[in-house]
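A note on names: the letters A, B, ... follow the listed sequences, proteins ahead of strands, and every chain is numbered from 1. All values derive from a computational prediction rather than experimental measurement.
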Amino acid sequence: MPTDYVIRIAGESGEGIVLSGEIVTLALSRSGFNIFTFSTYPAEVRGGPSMFQIRTGANRLRSQGDSVDILVALNDDACDENLKDLNEDGLLICDGTPEKQLNSPFDKKVINCPIPITEIASKEVGVYRCKNMVVIGALSNLLNIDYSIIESVIKEKTSRKGSHVLEKNLLAFKLGFDYAEIHKTKPIPYNLGPIGKSEKLVISGNEALALGALMSGCRFYAAYPITPATDLMEWLALELPGVGGVVIQAEDEISALGMVLGASFAGQKAFTATSGPGLSLMVELIGIASMAEIPSVIVDVQRGGPGTGMPTKTEQSDLNLALYGTHGDASRIVLAPTNVEDCFFQIINAFNLSEKYQLPVIILSDQSLGHRKESIRRPVMADIKQSKRLRPGDDEIKDYRRYGLTPAGVSPMAIPGENAGYYVAQGLEHDEYGSPCYDPENHLRMTAKRFRKLQNISGDINMFEKYGKQDASTGIIGWGSTEGAVRDAFERLDAEGYGVEVFYPKVLNPLPDKAIRNFLKNKKTILVPEINYTGQFAMLLRGKYLKQVTPLNICGGIPFTAKEIYSKVRELCNR
Amino acid sequence: MPTDYVIRIAGESGEGIVLSGEIVTLALSRSGFNIFTFSTYPAEVRGGPSMFQIRTGANRLRSQGDSVDILVALNDDACDENLKDLNEDGLLICDGTPEKQLNSPFDKKVINCPIPITEIASKEVGVYRCKNMVVIGALSNLLNIDYSIIESVIKEKTSRKGSHVLEKNLLAFKLGFDYAEIHKTKPIPYNLGPIGKSEKLVISGNEALALGALMSGCRFYAAYPITPATDLMEWLALELPGVGGVVIQAEDEISALGMVLGASFAGQKAFTATSGPGLSLMVELIGIASMAEIPSVIVDVQRGGPGTGMPTKTEQSDLNLALYGTHGDASRIVLAPTNVEDCFFQIINAFNLSEKYQLPVIILSDQSLGHRKESIRRPVMADIKQSKRLRPGDDEIKDYRRYGLTPAGVSPMAIPGENAGYYVAQGLEHDEYGSPCYDPENHLRMTAKRFRKLQNISGDINMFEKYGKQDASTGIIGWGSTEGAVRDAFERLDAEGYGVEVFYPKVLNPLPDKAIRNFLKNKKTILVPEINYTGQFAMLLRGKYLKQVTPLNICGGIPFTAKEIYSKVRELCNR
Amino acid sequence: MTRYTPLDYIGRNKPVWCAGCGDYGVLTALFNVFSQKKIDAKNVAIISGIGCSGRLPDFIKAYGFHGAHGRALPIAIGVKVANPSLNVFVVGGDGDGLSIGAGHFPHAARKNIDMTYILMDNSLFGMTKGQFSPTSPCKFESGSSPYGTLEEPMDPIALSLIYGSTFVARGYSGPSKLNDLINLIRQAMEHKGFSFIHVLSPCITYNKVVTFQSLNAQVVDIDEKHEITDRNEALALALREEKLYVGLFYKITKPTFGERLITISEKCGKRGLDIERLYVNFT
Amino acid sequence: MTRYTPLDYIGRNKPVWCAGCGDYGVLTALFNVFSQKKIDAKNVAIISGIGCSGRLPDFIKAYGFHGAHGRALPIAIGVKVANPSLNVFVVGGDGDGLSIGAGHFPHAARKNIDMTYILMDNSLFGMTKGQFSPTSPCKFESGSSPYGTLEEPMDPIALSLIYGSTFVARGYSGPSKLNDLINLIRQAMEHKGFSFIHVLSPCITYNKVVTFQSLNAQVVDIDEKHEITDRNEALALALREEKLYVGLFYKITKPTFGERLITISEKCGKRGLDIERLYVNFT
Ligand SMILES: Cc1ncc(C[n+]2csc(CCOP(=O)(O)OP(=O)(O)O)c2C)c(N)n1
Ligand SMILES: Cc1ncc(C[n+]2csc(CCOP(=O)(O)OP(=O)(O)O)c2C)c(N)n1
Ligand code: SF4
Ligand code: SF4
Ligand SMILES: [Mg+2]
Ligand SMILES: [Mg+2]
């Protein structure tokens, strides 16, 4: 008996797929279930295939699931498109009457529950756009999701569109429910039953980053809208003013990072979020942040590249840009959260590291992580530690050396308005005072200072996750959002007796060298799964540790399934 | 007997150091000598130490020289500053009367030729600014550089400032000459004697790039001024209109590259040049060029970074940005000329590769290479081969697939105005026609196509330079402008019986893998000299070839001397 | 091409715009202008940035360049200078042109490059789902300004006039003004120099404030007596806040960038490629 | 600080400008304004881009940020919004502000950020040795325009007015107008909102056309009768080509960005950090 199942609602962009998915998600979460969502949609506002997938169950979920248990198709194209992913004994809810025949190889085994979605919406409700609500009704009935919970979610989510809309939505929902009740022929095996209220939040990666920033004490956000990072801005625009913070929509990404640097120079914790094209535009100022030693946090919710690429698809192809983007040798920190909860923790780490080391910190999320919702434990404010910037003391102010050479490389930073620690935040190479200086020895000294700051970071935070058998000869090492699929695969492999160890660094620059060396030491096969074409992380590992690795790259804009990882490891082990 | 010597003229920015250096350089070249210059100057227009160094001799010269044979100091600070670099038995021309005592450890052995430079200029000529001409006069006399040759160079270089200025310059020159003639006490050993007219050009790296571009048929240049790349633009602004070309000063570097892409889309060979900060700003459009497959050439004359850094100092720290700059996996070609003559050849390669493979090509020069002058053979127009873009035939136009999947990855490119090959140069991921497409398989296919173009490049051009003993256990592998110092060091080491082999790839992406693997195979020690802090090329080599290397990094804004390389190799060999 | 009806200019891709989007008006107008002038599509290059409006080149038969957000103008300058015989159009949104691309607009205009820039203004960012833009009205509520915007909107007409455009007009993509829009685009195309058309092109999906309805009530034709060669008068008209004028604000003739380039070439005496002369620089 | 003479504001670094550079005038004027107003240097932040003019923060006792070419305005916005009690100045050149930085100027102005932007205009790029800039006169010959420029110069005053600055003035760093410059900067600093001063500040090393001499002959004080609250009049004055007016063109009062931000906070009812309320979003 599986402890969880996967629902996919598929249709066309504009049919309200996302809204229906969100309603079911919230209703399931309120019913006490864990959630892991996954959705795809075109870059265009209208037209093109769109789908919202919800994996739900009693236990913590870490990936979107390998296949679909319940497929809801709002139109015939969507049905044809998605049927291949439906399990052989899955449940199909499509648009039609019971007589509707399916031209699919699975049609015998699949539990076919056609619902006249369009008819009910257009004729009985009188609003074609209510198709998505009809479908929710049917789902509520067939999967035994509490009627009143869904009803109240629908109210919350759609009431601000006016009472007329709400009424129609509720009617459509009811009609869908009733139709399914009357017409269902077989018992439906997808019933996880009641489970009781949960304390968890159901939240996306982008929201977790925004929430974490707010809870870290960040009160300044500037950004330029870009898919798939915009919702992070929109959430903060709603919430930051209430806590005395500011959100500015800048005229472009260069300006956004400029504002962040200015705010940080003035003493604020500040950050920006963008996607690849925006990060490309920011790299000049990232160099300035590194040179002038301005704490700053930059989130990159990666999408398919290069160029404008595939704005609504996921990819892990900005690692090189995060590590190396900007001219000159510029120190910086790069973090990679592995799941939604980790987004929350890593942005707190980002602010702390950036304040402590006066460095730019880049967080690499991606579209799949940014937009998927997961159930996470409620963060507790008291657990959040905040690092403070080193400030100059009164005696240091007298002959103030903003860029004083210290053993750790970190120098006390004065804040305008606070005291007489006048200095110029300097983008030119400079001496300890911040005065421009082109002396050869000085350049070496100062460059070394700026890189010295990276040396102590491994002691600061829990920089990696590691599990599995330490003596295993097969290892998996990856970064970022792929961790969930790897963990699901690992658990299957482990249960089947395959010896595998898994390593996920949370900090990609500087890498936790000692721990990685240890991990790599006695591995014969090292799988490096990445959602990119060139194997950017694999190349980094090779360069740093001179060790042969086995890259596993996918490059289609969608995340790994656990199955893909599982199969590859089995193949490697059985070779 | 050395076959060459090193003259250094030192003073303060604003004392006309560069002009005097250029005059002596040209005069020596016209006298038949080979030239290799090296200069340093502050980023500010006025003030700060400045120097111009000329190495000259009968044979080809490859580095700036390890020390100074003749030091000309226009003021006392410059004298104190530079004396440490003067050879023990060197010639010193400083500002003063014969009685002037030197407080230097060398003062016994140095041939001291004080000249009352300031006095002659201020009092006898009546123009303080003519100090530099007085000095040239003295040099002409002491080094036996033909009086009339220098005189005519002075005329050419300064006559456009008006006849009054010219007269004063010539007078100062003569007085300097005469004073030296009368007061010299010992015979001066730095006399290379007459050698006959040379056919060579004496030209800087930036000029060689500009000349090469013009001779490659490039007729469109757009850029934004930036040190140390501006003179490339200024030369083209003078010369391109005469051959029907266009130079546009864009409002910034993003616009400059945008214009280049537009011009190339319209069928022109086009390029831009910048330095680090400008390259940082360009990386978004480099991704577009890669995605939309627009031939384009970008020169980066690297300077000290990060940030605004050290604008007038040299560094090789933009390699990572050139290799990896832009979000997403974006194919591109990176070339690195090794000396001034090679600048000329590599920009021709750049245009040819970019036209042939429809890729952006980045050329990595640096301040030292861009601004130094070397004697090079006269390029002959007939030797220059020009690759043509693949164009669609009439049958291909009918169902025109701009991004058709071909075995080599290169697809025929239609040009607006020429025929009905309408298509959209597409920054979004696209299908063969250029229509936006977010299908997973398509993204993989198209990414693979764009990277496939890199596979054949090693067959195309002579991608590396290699010399020394193939069975040597010590190797040196580097890139770009350091080659000259390495070659000078190599020759000394070779003469002394140290077995060393040297490898300089001209293409850094894609690297000539086979040749490098061969080179690395039986080396025990592999020295990787670079002018940067983090060893960017060393990291690339490690990652690609899983081979331990010995980085040799300097990070002071000035180039390697041959001696630094020589000493390091000896140390490694004698270990 | 052998036939020149508006339908003959339909591109390979169907528009992906929402049904009813203002941008259809601009597309239709272009089809008609090309048809009226019997333009051979092979001589047309339409350059765009990123945005709903920026997708236009995909929908029309012509050469196109769908590049990076905000960079259409520089790319178009490169195209036009490299091949002056092309008909070059730039199309894009208010965000593309006035937010991220704001730095390029003045420089394209003052060069008086001979091309036509059509700014399709829906007063927000359509493509990214409705955030405010530089032309959003005061206190505009949107995803990124849930409590209303804080800044004053920019006026593309006034900007364009100050920037030095030699042809400045405002059109409206509503059906009532479609013919006028066609005429404006045709005139802009015929104009030698930098022509700018600000097209009011509502987003029916995200903009609940600036709509066809609101615009129908606001737009007013420019008085026939308006002196189109007087920049101050044009500015005054643009800055008058009560009314939203449509029509031709300004049109003068000045040497284009291309024409000035030719004078430079002539100054250099068209010396041709004389390598030995070049080498004199280095000997 | 305990003493407030102009000399008390001298910074750690000696100016690296050429002797005679116009930028000394601006520096002197700032020393005097700070002295007159007994400003505590710890409350001053001077943000600059890159250029000769951009080096100014190094020469004055105050907090400074010498960042990237063209990005001073966004950085300054961050500074001011993060700490509204600071006196924020932006200084930079014509290249910095109108070429590479051209996209930021309109957006800073229309936000009406309460700070003072001093554009030090020498009509060329001084730092990179004398290429033409957006304010170079027509047909200006320079290293990058050996046959003369092809574009029309931009007028910073007209731009600033159209962009929505609430204080617009032109000063001249020549000795004859130094006192006026001091007064203008003082007024700008006292102004609540975005104040812009265009300072004619010649480059004596590279500019042989726009010089102290040429400017002495061109500058004319704005008539006392000029109505400083009338934008159209100010525009007309700026666009009059015969004369180069110096003085205050325009000054009005409008809510600043900071003030508007406060209204937003109030709209949100200053709810403070209520985590449980936030969590309602996710449950
Ligand atoms: C560098 C960069 N930043 C942000 C984006 C995301 N983006 C795409 S279109 C757009 C704005 C669209 O607004 P507009 O230009 O007005 O066009 P519309 O969609 O309204 O027609 C943005 C911010 C991007 N593609 N590239
Ligand atoms: C991104 C970038 N591009 C180019 C440069 C080179 N650069 C430095 S200052 C400058 C222009 C200086 O002109 P202006 O702003 O007018 O200042 P001025 O020196 O005349 O005072 C340029 C192009 C740079 N530092 N950064
Ligand atoms: S979202 Fe708005 S601008 Fe975009 S296509 Fe739809 S209606 Fe048009
Ligand atoms: S070069 Fe010109 S602008 Fe720069 S310091 Fe000298 S005089 Fe001033
Ligand atoms: Mg828009
Ligand atoms: Mg200037």
Side-chain angles (χ1 to χ4, degrees), chain A residues 42-43 48 275-277 279-281 283-284 287-288 290-292 300 302 304-313 315 317-318 320-321 323-330 427-429 436 438 440-441 443-444 447-448 451 532-534 536 539-540 542-544 546-548 554-558, chain B residues 42-43 48 275-277 279-281 283-284 287-288 290-292 300 302 304-313 315 317-318 320-321 323-330 427-429 436 438 440-441 443-444 447-448 451 532-534 536 539-540 542-544 546-548 554-558:
Chain A
S275 187
L279 189 65
S280 278
L281 287 171
V283 299
E284 190 201 4
I288 292 288
S290 183
M291 183 60 135
D300 174 12
Q302 298 164 95
T308 314
M310 306 201 299
T312 58
K313 302 290 170 183
E315 203 160 277
S317 55
D318 298 351
N320 279 335
L321 187 65
L323 293 172
Y324 306 120
T326 209
H327 58 285
D329 284 310
L428 284 167
E429 186 56 288
Y438 315 125
E441 283 76 37
H443 183 44
L444 177 58
T447 309
F451 276 92
N532 62 36
Y533 185 78
T534 54
Q536 302 185 1
M539 181 70 179
L540 177 67
R542 289 168 55 103
K544 291 217 61 155
L546 292 178
K547 182 111 185 178
Q548 191 62 271
I554 57 173
C555 171
I558 45 178
Chain B
S275 187
L279 188 65
S280 278
L281 288 171
V283 300
E284 190 200 5
I288 293 288
S290 184
M291 184 61 135
D300 174 13
Q302 298 165 95
T308 314
M310 305 203 298
T312 59
K313 302 290 170 185
E315 202 159 277
S317 55
D318 298 351
N320 278 336
L321 187 65
L323 292 172
Y324 306 120
T326 211
H327 57 286
D329 284 310
L428 284 168
E429 186 57 285
Y438 316 126
E441 283 76 37
H443 183 45
L444 176 59
T447 308
F451 276 91
N532 62 37
Y533 185 78
T534 53
Q536 303 185 0
M539 181 71 178
L540 178 67
R542 289 167 55 104
K544 291 218 60 154
L546 292 178
K547 181 109 185 178
Q548 191 62 271
I554 55 173
C555 171
I558 45 178

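Heavy atoms of A:Ile554 lying under 4.5 Å from chain B are absent altogether. Heavy atoms closer than 4.5 Å to chain A are found in both the backbone and the side chain of B:Gln548. The contact between B:Ile558 and chain A is made entirely by side chain atoms (from C-beta outward), counting heavy-atom distances below 4.5 Å. Both the backbone and the side chain of A:Lys544 come within less than 4.5 Å of a heavy atom of chain B. Within the 4.5 angstrom heavy-atom criterion, no atom of B:Ala292 approaches chain A. Neither the backbone nor the side chain of B:Leu323 comes within contact range of chain A; no heavy atoms are under 4.5 Å apart.
The candidate with the highest count of non-hydrogen atom pairs below 4.5 Å against chain A, out of B:Ser275, B:Gly543, B:Pro436, is B:Gly543. Top candidate by heavy-atom pairs under 4.5 Å with chain A, chosen from B:Ala330, B:Gly287, B:Gly309, B:Pro440, is B:Gly309. Highest contact tally toward chain A, considering only B:Asn532, B:Thr308, B:Leu444, is held by B:Thr308 [criterion: heavy-atom pairs under 4.5 Å]. Ranked by heavy-atom pairs under 4.5 Å with chain A, the list B:Lys547, B:Glu284, B:Glu429 is led by B:Glu284. The most heavy-atom pairs under 4.5 Å with chain A, out of B:Gly325, B:Gly557, B:Gly48, B:Ala448, come from B:Ala448.
With hydrogens and angles ignored, the 3.5 Å screen pairs no side-chain donor or acceptor of B:Asp318 with any backbone N or O of A:His327. Side-chain N or O atoms of A:His443 include none that pairs as donor or acceptor with a backbone N or O of B:Cys555 at under 3.5 Å. The backbone N or O of B:Tyr533 lies less than 3.5 Å from a partner atom in the side chain of A:Asp329, making a donor-acceptor pair.
The shortest heavy-atom contact between B:Met310 and A:Tyr438 is SD-CA, 3.7 Å. Annotation for A:Thr326 and B:Ser280: closest pair CA-OG, 3.5 Å, computed over non-hydrogen atoms.
Partners of B:Thr312 according to the side-chain hydrogen bond (donor to acceptor under 3.5 Å, both in side chains) rule, which considers only residues two or more places apart in sequence or in another chain, do not exist here. Partners of B:Ser317 by side-chain hydrogen bond (donor to acceptor under 3.5 Å, both in side chains), not counting sequence neighbours, listed by chain and number: B:Glu315.
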